[in-house]
> 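The structure follows.
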Amino acid sequence: MTATSPSRSSSPEGAYRDRFTDVMMKTLPAPLAVLARGEGARVWDVDGREYLDFLAGIAVNSLGHAHPVFVEAVSTQAATLAHISNYFASEPEIELAERLLRLTGGRRIFFGNSGAEAIEAAIKLARRTGRPRILALEGGFHGRTTGAAAITGKASMREPFLPLLPGVEHIEPSIEALEAAIGDDVAALFVEPIQGEAGVLDLPAGYLAEARRLTAQHGALLILDEIQTGAGRTGDWFAFQRDLPTGAFPDAVTLAKGIGGGFPIGALVAFGSAAELLQPGQHGSTFGGNPLATATSNAVLGEIERAGLVENARVRGEQLRAAILGIGSPLITDTQGRGLLLGIGLARPVAGAVAARALSLGLIVNAASENRIRIAPPLIIGDAEIDEFTALFTEALSSFADPNDGATS
Ligand SMILES: Cc1ncc(COP(=O)(O)O)c(C=O)c1O
């Protein structure tokens, strides 16, 4: 197919879909819609259809779309100094490093451009311990680069690319499995505090605290992947601040997504002596820490602080959970997650069909697996968005109330 292929569809959106399919690598499914603009918790497609966005670019658009603070930060910094290379430093970079270290309690930071890059930096940190084994959890997701894929706990994401990084073992997310696997030859344990891509699944109660105790006992690093859970999304700045005992810290945290609010950025925060593991020349990134990305992230995090959006995520999250359970649908089995990262379990494998029905009604939610819906709205949502979500989601579910409907859709 070439760019001159005739369009097979008549609406503007149909034509864009055809062009997309012709030119993009086949790594992704067909797009759900072709979006043109956004504002707050809403987006519009190229045909002018409006959607309530309860996915926020998969937990990225913390302030929603086209927030004035985001727009101002990008515009002003782009007009001032966008990129300089790692031979130079800039004020936004230093300020963001100080801010993230203050918010996490970390000691040193490395900036990259995505979640997977933050994970790659963390894998290098683990390798610098000189120990051969890395533990990660079944069901965990850490990204699509080869190192991140190696520690991702989903075989279908690893198998087409074998052999991957050696020394990685996937264990079930239970304290017993960790006790059995940990040893003095383990470099690091990688854990998401809440498994996002798996459909927003909680870890067993007390898991992180016990993981902290066991890794410390064996001198292994505890590396928390807060790429999806960080930046206030779970109702705390970082999920570990609720899951670890007061005064306890991980050895490293990976960040991305919500810290940029839509501008690509990733970061590895290292704590205590782990902050000294990477030495001069051992890691780098052309774009990492550039003024445009770091100024935008500073503005996003500053607005989250100023507007009390961490607290909003906590309060609205509980309100949303109550509203979901209040729907009283027999299809809903459970809700997991915290704050504005919630997973809704379904009694039948119809999540894809439910999400498609919701989209046709003007609501964006995500079918993270066959039987789990993930929602991750912008942190700015209030009563109006929750009421609208509840009405639309109720309607979407109602099509599937009969166990004989939709199971094969
Ligand atoms: C927990 C977690 N880790 C890592 C990643 C990879 O981030 P990125 O897609 O920015 O490379 C993701 C992305 O969904 C994620 O949710």
Side-chain angles (χ1 to χ4, degrees), residues 32-33 40-43 49-56 58-59 64 139 173 193-205 228-229 233-236 239 242 309 311-409:
L32 297 169
R42 276 164 216 289
V43 288
R49 266 190 304 262
E50 182 178 325
Y51 302 86
L52 179 65
D53 182 5
F54 263 45
L55 189 57
I58 318 182
I194 297 167
Q195 292 190 329
E197 296 299 303
V200 190
L201 296 175
D202 294 328
L203 295 172
Q228 195 155 152
T229 53
R233 178 148 295 278
T234 63
D236 292 281
R242 176 160 305 224
L309 297 181
E311 173 68 9
N312 194 56
R314 185 182 312 155
V315 172
R316 299 303 182 182
E318 282 321 299
Q319 194 180 337
L320 201 48
R321 190 196 304 275
I324 292 163
L325 295 174
I327 294 172
S329 168
L331 198 54
I332 296 177
T333 56
D334 63 278
T335 62
Q336 296 188 45
R338 295 202 297 262
L340 291 175
L341 181 63
L342 294 176
I344 305 164
L346 302 181
R348 290 181 289 126
V350 291
V354 169
R357 176 81 182 115
L359 192 73
S360 74
L361 297 169
L363 171 67
I364 299 176
V365 296
N366 170 242
S369 70
E370 280 186 332
N371 59 358
R372 293 199 75 77
I373 296 282
R374 169 175 47 179
I375 56 174
L379 307 187
I380 52 163
I381 61 159
D383 289 337
E385 287 84 4
I386 291 179
D387 290 349
E388 193 179 337
F389 162 83
T390 309
L392 291 171
F393 196 58
T394 303
E395 195 178 339
L397 287 174
S398 68
S399 322
F400 302 90
D402 179 341
N404 299 315
D405 281 351
T408 56
S409 339

> For Ile364, which of Leu52, Leu32, Val43 qualifies under side chain to side chain contact (heavy atoms under 4.5 Å, CB included)?
Val43
> Taking all non-hydrogen atoms of both residues, which atom of Pro173 and which atom of Pro204 are closest, and how far apart?
O-CG, 3.0 Å
> Checking Phe389 now: which residues fulfil ring pair (Phe, Tyr, Trp, His ring centres under 6.0 Å) with it, not counting sequence neighbours?
Phe54, Phe393
> Could you measure the distance from the CG atom of Leu320 to the CG atom of Leu325? Nearest 0.5 Å is fine.
10.0 Å
> Looking at side-chain heavy atoms only, is the closest gap between Glu197 and Ile58 below 4.5 Å?
yes
> When you look at Leu331 and Val350, which way does the side chain to side chain contact (heavy atoms under 4.5 Å, CB included) test go after all the steps?
CA-CA 9 Å; Leu331 198 54; Val350 291; 4.1 Å; yes
> About how many Å separate CZ of Arg314 and CD of Gln319, when rounded to the nearest 0.5 Å?
14.5 Å
> Quick one: which residue pairs count as a ring-ring contact (aromatic ring centres under 6.0 Å, His included) with a foot in residues 317-346, not counting sequence neighbours?
none
> Not counting sequence neighbours, which residues clear side chain to side chain donor-acceptor pair (under 3.5 Å) with Arg242? List them please.
Asp236
> Which residue is it: Arg374, Gln195, Arg233? I am looking for the one with a side chain to side chain donor-acceptor pair (under 3.5 Å) to Gln228.
Arg374
> Before you tell me yes or no, could you show the steps for Arg372 and Leu201 under side chain to side chain contact (heavy atoms under 4.5 Å, CB included), namely the whole-Å CA-CA distance, both residues' side-chain angles and the distance that decides it to 0.1 Å?
CA-CA 9 Å; Arg372 293 199 75 77; Leu201 296 175; 3.5 Å; yes
> If I compare all heavy atoms of Leu397 with all of Ser329, which pair ends up nearest, and what's the gap?
CD1-CB, 4.0 Å
> Could you state the interatomic distance from CD1 (Ile381) to CD1 (Ile375), rounded to the nearest 0.5 Å?
7.5 Å
> For Ala368 and Gly199, which heavy atoms make the closest approach, and how far apart are they?
CB-CA, 3.5 Å
> Of all the heavy-atom pairs spanning Asp383 and Arg316, show the shortest one and how long it is.
OD1-NH1, 2.7 Å
> Calculate, to the nearest 0.5 Å, the distance between atoms OG1 and CD1 belonging to Thr390 and Ile324 respectively.
7.5 Å
> Can you measure from CG (Leu392) to CD (Glu385) and round to the nearest 0.5 angstrom?
12.0 Å
> Checking the side chain of Arg321 only, and the main-chain atoms of Gly337 only, is there a donor and an acceptor separated by less than 3.5 Å?
yes
> Please confirm whether the backbone N or O of Gly345 pairs with a side-chain atom of Thr333, one donor and one acceptor, at under 3.5 Å?
yes
> Please find the pair of heavy atoms, one from Arg357 and one from Ser399, that lie closest to each other, and give the distance.
NE-OG, 3.0 Å
> So, for Leu340 and Leu379, which heavy atoms are closest and what is the spacing to 0.1 Å?
CD1-CA, 3.8 Å
> Checking side chain to side chain contact (heavy atoms under 4.5 Å, CB included) for the pair Val200/Ile194: CA distance, chi angles, key distance, verdict?
CA-CA 6 Å; Val200 190; Ile194 297 167; 3.8 Å; yes
> Using 0.5 Å steps for rounding, measure from the CG atom of Leu341 to the OG1 atom of Thr234.
8.0 Å
> Heavy-atom count check: over 12 atoms from other residues, nucleotides or ligands less than 6.0 Å from Glu370 CD?
no
> Tell me whether Arg348 contacts the main-chain N or O of Phe400 through its side chain, where contact means a donor paired with an acceptor under 3.5 Å.
yes
